[in-house]
Amino acid sequence: MRPCDLEKKREIAFHTLPAGQAERARTLLVGLEGLDVLVGADACRLHVRYHLCEYTLEGLETALSSQGFHLDNSLLNKLRRALAYYCESVQRRNVAANEPDIKSQQAFMKVYERHLHGDCDETPEEWRDYK
């Protein structure tokens, strides 16, 4: 995964009522470090940019909902949200996957190098030429 894949640009859509939710949410989120927030053109949307290791769309929207903001729950926005939540959770799990343990691999390589290779016949050497 390329490092730029972890930089996300998402849109948070708010319900039209009550008015001014996007601006109030922007003032709330602006104080968070590593999060860029802009109000969209129609004043009902926020454009956020963040690093996936620090934030997720689900976390941001859950925090906003718990603060009393009303998100747009149209079918299209629910589908977009669900897809983004799933993709981000998979990416976060993949990033957190443990790197292979190089030291244990090197130990097995050394044992393999010292192991005698070649003829694996258990027959004693003097009996092999017996005819």
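Residue indices begin at 1 and follow the sequence shown.
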Distance, nearest 0.5 Å, that separates OG1 of T56 from CZ of R10 = 10.0 Å
Which residue pairs satisfy the salt bridge (charged side-chain N to carboxylate O under 4.0 Å, His left out) criterion with at least one member in residues 74-87, sequence neighbours excluded?
-> E61-R81
R24 CZ to Q21 CD distance, which is reported to the nearest 0.5 Å | 5.5 Å
Kindly indicate whether the side chain of R92, heavy atoms from C-beta on, has any atom under 4.5 Å from the side chain of C53.
-> no
Note, T16 side chain near D72 side chain (heavy atom, < 4.5 Å) = no
Sorted by chain and number, sequence neighbours left out, salt bridge (charged side-chain N to carboxylate O under 4.0 Å, His left out) with E58 holds for none
By side chain to side chain donor-acceptor pair (under 3.5 Å) - contacts of S74 (at least two apart) = N77
G59 backbone acceptor or donor facing T62 side chain under 3.5 Å | no
Can you name the nearest heavy-atom pair linking A22 to L46, along with the distance?
-> O-CD2, 3.5 Å
Reported CD1-to-OG distance for the pair I12 and S65, which is rounded to 0.5 angstrom | 9.5 Å
Connected hydrophobic set around L79, excluding itself, where side chains approach under 4.5 Å = L75
Once you round to the nearest 0.5 Å, how far does CD of E54 lie from CG of L6?
-> 10.5 Å
Show me the donor-acceptor pairs, under 3.5 Å and distance only, between side chains in residues 31-44 and residues at least two apart or in other chains.
| residue | atom | partner | partner atom | Å |
| --- | --- | --- | --- | --- |
| D36 | OD2 | R49 | NH2 | 2.8 |
| D42 | OD1 | C44 | N | 3.2 |
| D42 | OD2 | R45 | NE | 3.4 |

Mind checking what makes side chain to side chain donor-acceptor pair (under 3.5 Å) contact with Y50, not counting sequence neighbours?
-> E88
If you round to the nearest 0.5 Å, how far is SG of C87 from CG of L52?
-> 10.5 Å
Heavy-atom closest pair, residues F14 and A25 = CZ-CB, 3.6 Å
Under 4.5 Å between any side-chain heavy atoms of L28 and Q67, yes or no?
-> yes
